[in-house]
Amino acid sequence: MFTFTNPRHQMSCELKREYHVNFTDGILESTSSLLTQTVRHNRVLVITTPTVYKHYGERFVRLAQEQGLDLVFEVLSLTEQTKTFESVEKICEWSQHYNLGRSDILIAFGGGVCSDAVSVAASLIRRGIRHIRIPTTLIGQIDAAIGLKGGINFRNHKNYLGCFYPPSDVFIDPGFLGTLNRESLSHGFAEIVKMALVCDAELFDKLQCHGSSLLNSSFTQPADAASHVIERAVQLMLKELRENPYENITSERLVDMGHTFSPYLEAASKFSIQHGEAVAIDMALTSLISVELGLLQERDAHTIINLLSNLGLPIWSPLMTSELCSFSIKEAALHRRGNLNLIVLEGIGRPRFIKSAGEVEGGVLDRALAKLAVHGERMMQGPEISRNCVDWMKDTG
Ligand SMILES: NC(=O)c1ccc[n+]([C@@H]2O[C@H](COP(=O)([O-])OP(=O)(O)OC[C@H]3O[C@@H](n4cnc5c(N)ncnc54)[C@H](O)[C@@H]3O)[C@@H](O)[C@H]2O)c1
């Protein structure tokens with residue numbers, strides 16, 4: 001028989017973490033000392049993907065040589081299909097091979113998939129080593145790389161495994177977007193539209209006005225809009241993250257707009273529908289659900305759908321069935337500690353949370369899906385040009 005003087009002991013283990021999201025122009029230029037200042041004398045393992053290596057590998061290696069960095073590169077094909085344990089294991093193997101110590105550094109140099117997988121690996125190696133993210137896609141720069149999360153897909157379940165593991169630094173250099181294809185840029189726009197819809201009507205107007213030219217010019221023209229849009233999207237995202245960094249303060253997260261149905265749509269398509277595309281379809285549906293709930297004017301939903309379409313994004317998929325949406329609703333509630341917390345809109349920039357699945361399932365959802373299919377057909381006949389742009393220009397001079 002055991003006897004204890006006190007059977008219950010408390011331990012607190014708070015860990016306060018801070019990191020910087022830095023904007024820069026030309027991080028790989030020989031005149032830039034940002035990287036050197038950040039990694040100092042530590043050993044660095046850069047993980048990148050074949051396309052990014054093809055465009056920037058040589059320049060990166062040259063910079064490392066010029067500045068005397070102890071840096072090695074490994075190239076891994078990281079796609080949504082290979083965002084798995086096996087890829088994380090490969091990164092861990094390289095880390096072991098190069099004998100990375102606890103103060104050494106992993107760099108994720110690539111898109112959101114690279115950043116997600118490297119973050120998971122960094123959280124595991126020696127129970128956590130430093131990692132830096134240098135995102136090279138628009139999604140990476142305004143979303144995936146600036147938050148705390150890493151994640152991998154597991155048994156066809158999107159981001160089922162993962163961690164909250166902040167980077168030590170993030171470097172955002174929009175110059176990398178110059179080699180990004182149009183589709184990837186569009187995908188990034190979906191996340192910017194999301195932030196505009198939930199908290200910044202002015203950003204939405206700016207996207208209506210300049211989104212197409214930014215898309216057509218690889219995010220360079222008009223230059224002031226390019227800097228403003230990217231900086232504003234990052235600011236808004238960081239503000240949301242700051243209030244609930246570990247997602248344990250509330251399950252009402254504005255950044256979940258467009259992320260209720262989309263993970264299951266991506267998985268149902270076996271990831272042939274890309275993340276940004278699925279988010280766009282989800283936002284189009286959510287706008288129509290908002291209309292059906294009597295919260296949003298039909299005209300506003302139409303404007304949102306047109307903007308998505310003008311930004312090269314799909315707004316409908318035949319996989320978006322009533323069954324898939326009902327399944328998503330149940331899974332979302334599991335993920336959000338029992339409440340659906342679907343973000344609907346009362347206007348552009350005016351979000352509202354729907355707590356209970358009962359409010360949307362059945363009639364509302366089916367009517368919204370039927371309308372979405374009609375919009376989908378209309379968009380197949382060609383997107384409409386944004387009308388608000390001219391008004392916005394008048395308003396702002
Ligand atoms: N952790 C988070 O908080 C978070 C947030 C949003 C998204 N994500 C994740 O991010 C992923 C999507 O990220 P993504 O859209 O960046 O996709 P991605 O990482 O697959 O990159 C898209 C494609 O662009 C190529 N590429 C990358 N940079 C390039 C460049 N500068 N020039 C030319 N080609 C380039 C890549 O090789 C890839 O083929 C999803 O897995 C999603 O779950 C995570």
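Numbering of ligands and ligand atoms starts at 1, following listing order. Being a predicted model, the structure only gives us computed values, none of them experimental.
- With a 4.5 Å cut-off on side-chain heavy atoms, Lys194 and Val255 count as touching.
- In this structure, the ring of His259 has its center less than 6.0 angstrom from the ring center of His275.
- Between His228 and His210, the ring centre distance reaches or exceeds 6.0 Å.
- Looking from atom 28 (N) of ligand 1 to the surrounding protein, the closest heavy atom is Thr136 OG1, 2.7 Å.
- Near Gly112, with a cut-off below 4.0 Å to any heavy atom, the atoms of ligand 1 are 10 (O), 11 (C), 13 (O), 14 (P), 16 (O), 19 (O).
- For the pair Asp282 and Thr286, the minimum side-chain heavy-atom distance is below 4.5 Å.
- Not one N or O of Gly140 is nearer than 3.5 Å to an N or O of ligand 1, by distance alone.
- Taking each of Gly110, Gly111, Gly150, Ser184 in turn, the one with a heavy atom nearest to atom 22 (C) of ligand 1 proves to be Ser184.
- Atom 25 (C) of ligand 1 is never approached by the protein to below 4.0 angstrom, counting heavy atoms only.
- Of all atoms in ligand 1, listed by their number and element, those nearer than 4.0 Å to a heavy atom of Phe176 are 30 (C), 31 (N).
- Aromatic ring centres of Phe219 and Phe189: separated by under 6.0 Å.
- No side-chain donor-acceptor contact under 3.5 Å links Ser87 to the backbone of Lys83.
- For the pair Arg130/Leu106, no side-chain contact is recorded, criterion being any heavy-atom separation below 4.5 Å from C-beta on.
- Listed by number with element, the atoms of ligand 1 under 4.0 Å from a non-hydrogen atom of Lys149 are 1 (N).
- An N or O contact shorter than 3.5 Å links Asp116 to ligand 1 by distance.
- Residue Asn159 approaches ligand 1 through these ligand atoms, each under 4.0 Å from one of its heavy atoms: 43 (O).
- Both the backbone and the side chain of Val113 come within 4.0 Å of ligand 1, judged by heavy-atom distances.
- Aromatic rings of Phe176 and Phe109 (six-membered ring for Trp) have centroids within the 6.0 Å cut-off, being under it.
- Within ligand 1, counting atoms from 1 as listed, the ones closer than 4.0 Å to a heavy atom of Thr179 are 30 (C), 31 (N), 32 (N), 33 (C).
- Distance check for atom 39 (O) of ligand 1: every protein heavy atom is found at 4.0 Å or beyond.
- Considering backbone and side-chain atoms together, Asp143 places no N or O closer than 3.5 Å to any N or O of ligand 1.
- Ser119 and His131 form a side-chain donor-acceptor contact under 3.5 Å, judged by distance and modelled atom types alone.
- The shortest heavy-atom distance from Gln274 to ligand 1 is not under 4.0 Å.
- Contacts between Thr51 and ligand 1 below 4.0 angstrom, taking non-hydrogen atoms only, involve the side chain exclusively.
- In terms of protein heavy-atom proximity, atom 29 (C) of ligand 1 is closest to Leu180 CD1, 3.4 Å.
- Atoms of ligand 1 found under 4.0 Å from any heavy atom of Ala144 (numbered from 1 in listed order, with element): 1 (N), 2 (C), 4 (C), 5 (C), 6 (C), 7 (C), 8 (N), 10 (O), 44 (C).
- For the side chain to side chain donor-acceptor pair (under 3.5 Å) criterion with Glu80, the lone passing option out of Lys158, Lys270, Gln274 is Lys158.
- Between the side chain of Ser269 and the backbone N or O of Leu319, no donor-acceptor pair lies under 3.5 Å.
- The distance from ligand 1 to the heavy atoms of Glu80 drops below 4.0 Å at these ligand atoms: 40 (C), 41 (O).
- For His187, no nitrogen or oxygen atom sits less than 3.5 Å from a nitrogen or oxygen atom of ligand 1, counting backbone and side chain alike.
- Residue contact check: Thr49 has heavy atoms under 4.0 Å from atoms 37 (O) of ligand 1.
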After noting the C-alpha distance and the side-chain angles of Asp70 and Asn42, does the key distance pass the side-chain contact (heavy atoms from CB on, under 4.5 Å) rule?
CA-CA 7 Å; Asp70 181 7; Asn42 298 303; over 6 Å; no

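- By the 3.5 Å distance cut-off applied to N or O atoms, Lys158 is counted among the residues near ligand 1.
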